[in-house]
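Working notes, structure below.
Along the sequence shown, the residues carry numbers beginning at 1. Worth saying up front: this structure is predicted, and the values here are computed from it rather than measured.
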Amino acid sequence: MRAIYRKIAKKHGVSVLEVKKDMQAAIDYAYQKPDKSEKEKCLQKSMPHKGAVPTTDELVQYLSYKLKRK
């Protein structure tokens, strides 16, 4: 998991902490915005997460799992 964050951080010239912070902000926005499409609602309901909103790690793990299944 760390390798993914490091690669993104290096590519964009920022720290791993900044990558995770920005990713979490985007996830929070996506889950809290009021005008979601039906597709967005379905995807968000299907993604496993412990809290009200997935963490960056939960999102990356889920997407990684989905990509490996293809």
Qualifying salt bridge (Lys or Arg N to Asp or Glu O under 4.0 Å) pairs with a residue from residues 30-46, counting only residues at least two apart or across chains
Lys33-Glu40, Glu38-Lys41

Which pairs, with at least one residue in residues 1-20 and sequence neighbours excluded, count as a salt bridge (Lys or Arg N to Asp or Glu O under 4.0 Å)?
Lys20-Asp57

Look at the side chain of Glu58 and the backbone N and O of Pro48, then say whether any donor-acceptor pair between them is shorter than 3.5 Å.
no

Partner set under side-chain hydrogen bond (donor to acceptor under 3.5 Å, both in side chains) for Asp28, not counting sequence neighbours:
Gln24

Roughly how far, to the nearest 0.5 Å, is OG of Ser46 from NZ of Lys66?
6.0 Å

Nearest-0.5 Å distance, CG of residue Asp22 to OG1 of residue Thr56:
11.0 Å

Please go through Ile8's hydrophobic cluster and name the other residues, only I, L, V, M, F, W, Y counting, with side-chain heavy atoms under 4.5 Å joining them.
Met1, Ile4, Tyr5, Val14, Val16, Val19, Met23, Val60

Shared-cluster residues of Met47, by chain and number - hydrophobic side chains joined below 4.5 Å:
Ile27, Tyr31, Leu43, Val53, Leu59, Tyr62, Leu63

